[in-house]
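Both counts, for ligands and for their atoms, begin at 1 and track the order of listing.
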Amino acid sequence: MRSIWTETAQIPRRNPLTGNKRTEVVVIGGGMAGILTAFYLQRHGIHVVVLEANRIGSGQTGYTTAKITSQHNLIYSKLEKTVGKETARLYGKANQLAVEEYGKLIKRYSIQCHYEQKDAYLYSVQESEKLLKEAESAKRLGLPASFVRETKLPFQVHGAVRFTGQAQFNPLEFLRDISAGLTVYERTRVVKVQGHEVVTDKGVIKADKVVFASHYPFVNVPGFYFAKMYQEKSYVLELEPVEALDGMYLGVDKKAYSFRNYGDRLLLGYGSHRTGKAPAENPFSTMKQVAEHLFPQAEERGRWTAQDCITLDGIPYIGTYSFFRPDWYVATGFGKWGMSSSMAAAKILSMQITGKRTPYDAVFSPQRHHLKASALKFAVHGLESVKGLSAGTMPGAINCPHLGCRMVWNRYDKRWECPCHGSGFEINGKICAGPAQQSIPFID
Ligand code: FES
């Protein structure tokens with residue numbers, strides 16, 4: 001699969017690991033979260049090694065729409081209600097500081113990554129009430145939010161929430177420069193982690209601390225991330241030429257689209273669903289129809305899918321992996337907000353690993369319990385997992401190598417998907433998304 005980022009940015013290759021090594025911190029995963037965490041740790045004088053199963057940025061970072069924003073759908077009104085004003089405020093502050101930190105880094109290191117400051121908008125063509133509530137809530141929490149009636153979208157909206165001073169960029173161009181001074185071993189797959197030993201297919205690394213930044217954590221016990229996180233798939237169509245949009249947009253209606261430009265190209269997003277539960281209609285066909293209506297002069301230049309880890313309360317898991325593994329850390333569950341969450345995770349983890357506390361530790365702690373915020377998703381996730389597991393016992397089922405759920409064929413993405421925790425496999429069974437670690441054996 002290709003995306004506009006994988007087509008337009010070249011990151012120099014790194015060698016695989018050879019033999020055994022010793023380091024202070026090993027980071028598993030060379031995506032945005034892993035590379036940024038390693039970057040800040042190295043700035044703190046820590047010796048750090050990054051292990052990447054494929055290439056830097058070849059995972060979900062290469063398929064994001066790369067909006068850098070603290071506007072995370074209708075999250076602030078929800079968080080205020082479910083986890084309280086102070087936790088919601090700290091969540092917003094950590095993400096807004098992350099947005100600003102990208103700007104500072106890019107300026108300080110003169111990184112050429114098509115960085116542009118843009119306002120971010122949540123819009124509805126049907127109603128304004130929930131947007132008004134969201135704007136009020138975000139403003140109350142100290143975020144740069146306001147409610148507006150007009151946008152520069154090529155259709156009339158009922159209302160929108162505007163966040164000023166947000167940004168967009170090319171994430172792989174950014175990673176190319178920010179990873180330049182780091183020790184990264186590519187094409188080095190981690191097989192298992194035993195205490196302070198990270199066993200790969202190329203050798204073993206002993207480390208004082210281990211950071212799991214591999215999208216979905218693959219160690220099931222301890223941590224039990226499979227019980228508290230699932231994945232969602234969404235679809236992106238790349239169109240050209242389209243006049244640059246003044247802003248980045250995300251719809252909040254049931255059938256809604258996202259829009260952002262990259263030069264004279266438009267990235268149109270749509271069709272989010274639980275991985276393994278593909279919709280009846282073809283999301284790409286729907287987007288093509290919308291594109292023909294709104295941008296009749298534009299032609300399709302590409303299409304791809306993105307996959308995001310969704311936590312039960314909507315807040316990422318950033319912190320120690322488990323009570324039983326105080327030297328393991330994790331950064332996962334970023335939802336659709338991988339760019340700001342990656343930066344927030346990198347800042348928080350680099351402080352924690354160097355022995356400092358942050359005001360955000362409890363908010364993002366993987367050991368938190370937000371029962372009110374999690375109850376509904378916990379029940380749905382449990383039900384879907386039980387359904388997937390029992391379907392896996394049926395004759396003829398293609399079983400997921402993770403925990404054995406029945407795989408489902410996604411005809412729009414041309415991949416096998418697991419409805420339980422979202423592992424993905426190419427048509428020939430080759431693994432392309434965890435938490436599973438192996439390919440599907442019978443197709444191999
Ligand atoms: Fe967990 Fe498939 S991803 S059983």
C420/C400 under disulfide (SG to SG under 2.5 Å): CA gap, chis, key distance, verdict: CA-CA 9 Å; C420 287; C400 175; over 6 Å; no
Between Q352 and D361, a side-chain donor and acceptor under 3.5 Å: yes
Pair Y262 and W5, ring centroids less than 6.0 Å apart: yes
Partner of F212 under ring-ring contact (aromatic ring centres under 6.0 Å, His included), chosen from Y225, Y329, W328, Y317: W328
Side-chain H-bond candidate by donor/acceptor type, E173 with H114, under 3.5 Å: yes
Pair E52, T188: side-chain N/O donor-acceptor within cut-off below 3.5 Å: no
Metal environment of atom 2 (Fe) of ligand 1, protein N/O/S under 2.8 Å: C400 SG, C418 SG
